[in-house]
**Q** 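Handing you a structure now.
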Amino acid sequence: MRFNSVTPFKFFLHLFTLFTHLQAHTTVNNFTISCGATGTSYDGERTWTGDTGSMFFSNQDNTVSANPTPPQPNSTLQVPYNTARVSRSQFNYSFPVTPGSYFLRLFFYPASYPSFPRTQASFTVHCNQFTLYSFNADAEDSETVFREYVLNVHNSETLNLSFTPSQPNSHALINGIEVFSIPSDLYYRTACIRKRSSKLTWDFPVDSGFYYLGATWLTITLRL
Ligand SMILES: *[C@@H]1O[C@H](CO)[C@@H](O)[C@H](O)[C@H]1NC(C)=O
Ligand SMILES: *[C@@H]1O[C@H](CO)[C@@H](O)[C@H](O)[C@H]1NC(C)=O
Ligand SMILES: *[C@@H]1O[C@H](CO)[C@@H](O)[C@H](O)[C@H]1NC(C)=O
Ligand SMILES: CC(=O)N[C@H]1CO[C@H](CO)[C@@H](O)[C@@H]1O
């Protein structure tokens, strides 16, 4: 019995060290934004801050806060998917950061929103001029989607996210944004390609540390 317990103990010690290491790095520069929401909300694990009136989101005039239509049962839609920021013109978020590595998660619920039919959702997300994600309703199911990125910030002092509709009649939407700093020494191994919802996506086996942050795959690593 005692003999057997050594391995699990070491394992947990390792986890604890890793977790502490990550915690130490995640207490600064982190943002958990529920787009289209006002005030704060709690999902059982994290506190989300609404983007309405937020300093990270300045030009709100051409955008709307929206709830999916038809209304979804509570059990199926949780923060941040229950509200969205939607617009037919470009809108930006700007996060003040210091140089280092960041983990970025974008949350989308590409459903219909009042006067924004799902079929007209078509947009591109850029981060400081790099293209992160192109969304096209034809290619995606209307299910909750999240995308994860590791960003290495070198010189810039802001992480600017732009949401740009692809055509004059299309709109961009975003439900949630999570940004937090991570240790810079995490690294990635071989990349493999996996087919994912009719599009090819680069799929990286993630460093074990990421499993504790809930991440299962990463799409891209950028140097800003
Ligand atoms: C959703 O949650 C609200 C508040 O928690 C509650 O009043 C409402 O009855 C719930 N609706 C459904 C469909 O469960
Ligand atoms: C959004 O950011 C881009 C790139 O930094 C900039 O060109 C554009 O003017 C910004 N748009 C708005 C509406 O602020
Ligand atoms: C980010 O946006 C802010 C405000 O629009 C701008 O001042 C800054 O130059 C931008 N930074 C980058 C790296 O694009
Ligand atoms: C993921 C993460 O590190 N979240 C932290 C962000 O910062 C607040 C306070 O500044 C902490 O309470 C969170 O744990």
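Whatever order the structure lists them in is the order used to number ligands and atoms, beginning at 1.
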**Q** Please lay out, stage by stage, how N136 and S122 fare under the test side-chain hydrogen bond (donor to acceptor under 3.5 Å, both in side chains).
**A** CA-CA 5 Å; N136 187 337; S122 179; 4.7 Å; no
**Q** Just say parallel, tilted or perpendicular for the rings of F91 and F57, cut-offs at 30° and 60°.
**A** perpendicular
**Q** Does one hydrophobic cluster hold both M55 and Y102, with members joined at side-chain heavy-atom distances below 4.5 Å?
**A** yes
**Q** Would you mind checking which non-hydrogen protein atom is closest to atom 5 (O) of ligand 2, with the distance to 0.1 Å?
**A**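 Answer, as residue, atom name and distance: Q129 NE2, 3.9 Å.
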**Q** Can you say whether the rings of F135 and F108 are parallel (under 30°), tilted (30 to 60°) or perpendicular (over 60°)?
**A**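 Taking F108 first and then F135, their aromatic rings lie parallel (interplane angle under 30°).
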**Q** When you check the side-chain N and O atoms of T63 and R85, is any donor under 3.5 Å from an acceptor?
**A** yes
**Q** Look up atom 2 (O) of ligand 3 and tell me if a protein heavy atom lies less than 4.0 Å from it?
**A**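 Yes.
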**Q** Among all protein non-hydrogen atoms, which one is nearest to atom 11 (N) of ligand 3, and what is the separation to 0.1 Å?
**A** N160 ND2, 2.8 Å
**Q** Any idea which protein heavy atom is nearest atom 4 (C) of ligand 3, and the distance to it?
**A** S94 OG, 4.5 Å
**Q** If you measure from atom 10 (C) of ligand 2 to every heavy atom of L161, N128, N92, which option wins on shortest distance?
**A**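 Heavy atom nearest to atom 10 (C) of ligand 2 belongs to N92.
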**Q** Does atom 14 (O) of ligand 3 have any protein heavy atom closer than 4.0 Å?
**A**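 It does; a protein heavy atom is within 4.0 Å.
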**Q** Can you say whether the rings of F107 and Y81 are parallel (under 30°), tilted (30 to 60°) or perpendicular (over 60°)?
**A**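 Judged by the thresholds at 30° and 60°, the geometry between F107 and Y81 is perpendicular.
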**Q** Find out whether T131 and Y133 are in side-chain contact, i.e. whether some heavy atom of one side chain is under 4.5 Å from a heavy atom of the other.
**A** no
**Q** Is at least one protein non-hydrogen atom found at under 4.0 angstrom from atom 7 (O) of ligand 2?
**A**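 Not a single protein heavy atom is under 4.0 Å away.
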**Q** So which protein heavy atom does atom 9 (O) of ligand 2 come closest to, and at what separation?
**A**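 Heavy-atom neighbour on the protein nearest atom 9 (O) of ligand 2: Q90 OE1, 4.1 Å.
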**Q** What atoms of ligand 2 come within less than 4.0 Å of a heavy atom belonging to S162?
**A**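 What qualifies from ligand 2 is 1 (C), 2 (O), 3 (C).
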